[in-house]
Amino acid sequence: MADVPTAEPEEVVHLAEVLQALPDPRRRQGRRYRLGVLLALCTLAVLGGAATLVSIARFTAGAPPEIRARLGLGARVPRACTLGRLLARIDADALDRAVGDWLAGQFHPGGLRALAVDGKSLRGSRTATRTAVHLLAAVPHGEKTVVAQRQVDSKSNEITAFRPLLAPLQLAGTLVTFDALLTQTDHARFLVEEKKAHYVAVVKGNHPTLQAVLKKLPWRDVPLLDKPRTAGHGRDEIRRLKAVTVTQLAFPHAVQALQIVRRRRDVRTGKVTHERLYAVTSLAAEQATAAQLAAAVRGHWQIEALHHIRDTTFREDACRVRTGNAPRALATLRNLAIALAHLVGWTNHAEATDHYRSHPNHALDLITPTN
């Protein structure tokens, strides 16, 4: 059998304390279990692939004696209704902040280098009277780690959540990438002037004048900088990138324009599609090489890999949890489970969940090491 990744105790010793330090939404009277214990149980279950409250409760009921002993549980274990009420009422902002801060410290103690901002809907949370919960997240390039997450108000969109999401983060010198919806002049000024960061922003039809200007640039005369080819998730993809210095562009702090051409071939059907995108960046030619710009573009789209894991391995869109903050809390626990497995070296998350389902003591080592 292949070696199983293990965590160094000094790397993860604080996670159990982080979970315990969260504000407890329950009344003091009648509390039977500590908050940190309940959240640790939920995290263990999700690490083993539990996708619903029922499957989390099933794991809890069948938790081995040694797991109960390490967590400080007696013979009794919490029922599904107890866990459901807790997750529905928990302070989701505080949970996301605590988990994100802890993960940022594990992966990037010296600061972030590049950060992708993107949104994802929890489709199973939709009801007849409520739209699906939509979350905006910040993920470091090259990692499967959410360091900040915020729920988008049902009467608003991702634009209003962008600034509150990034405001608490130390972003000086960080390159932030985002898609067309978030390409807003206020966001560009916020990043460069207030956060001392840089950006790569995709430009589409929501900025028709700027998009028209970018399309008319003499791209035929601009040399090709990068042409990577990748395969995965049933498709073969080639991306071509060009960059040109621009002046007096009607977008704050934009000094270079990018053209990205994506050619995708569906491996199963053979169907080929082409997409031509334009972007602007605050990075001047002397601040970023062609390879770095190409890596930034690729790095942003890698966030799709994280979404793929959540939807396939953890069956997020199939989860029908809809009450209170529970949909968002479960999404945070999925983010945490993926990051923990990534932290200790797992590259195949389906194999990781299979392993931790059979060896919950190894999963608990990631939360509360034995030494």
Check the pair Gln259 / Leu217 against side-chain contact (heavy atoms from CB on, under 4.5 Å), numbers first and verdict last.
CA-CA 10 Å; Gln259 183 195 68; Leu217 291 173; over 6 Å; no
Could you give me the CA-CA distance, side-chain angles and deciding distance for Arg34 and Asp24, then say whether side-chain contact (heavy atoms from CB on, under 4.5 Å) is met?
CA-CA 9 Å; Arg34 289 184 295 124; Asp24 197 325; over 6 Å; no
Can you list the steps and then say if Arg126 with Asp317 is a salt bridge (charged side-chain N to carboxylate O under 4.0 Å, His left out)?
CA-CA 10 Å; Arg126 183 184 295 111; Asp317 279 348; over 6 Å; no
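Crowding of Arg31 atom CZ: a count of heavy atoms from other residues, nucleotides or ligands under 6.0 Å exceeding 12. Counted within 6.0 Å of CZ on Arg76, heavy atoms from surrounding residues, nucleotides or ligands total 12 or fewer; the atom is thus considered open. Taking a 6.0 Å sphere around CZ of Arg264, one finds it holds more than 12 heavy atoms contributed by other residues, nucleotides or ligands. Heavy-atom contacts from other residues, nucleotides or ligands closer than 6.0 Å to CZ of Arg123 number 12 or fewer.
Test His187, Glu194, Gln184 against Arg163 for side-chain hydrogen bond (donor to acceptor under 3.5 Å, both in side chains) and you get one pass: Glu194.
Atom CG of Asp96 is separated from atom CZ of Arg328 by 4.5 Å, given to the nearest 0.5 angstrom.
Put simply, the side chain of Ser156 never gets that close to the backbone of Asp153: no donor and acceptor are under 3.5 Å apart.
The two residues His253 and Arg189 come nearest to each other via the heavy atoms CD2-CA, 4.4 Å. The shortest heavy-atom contact between Gln256 and Ala243 is OE1-CB, 3.9 Å.
Ring orientation note: the planes of Trp219 and Tyr278 are tilted relative to one another, at an angle of 30° to 60°.
Taking a cutoff of 4.0 Å between a charged side-chain nitrogen and a carboxylate oxygen, Asp221 and Lys242 do not qualify as a salt bridge. With respect to Asp365 and Arg70, a salt bridge is recorded, a charged nitrogen being found less than 4.0 Å from a carboxylate O.
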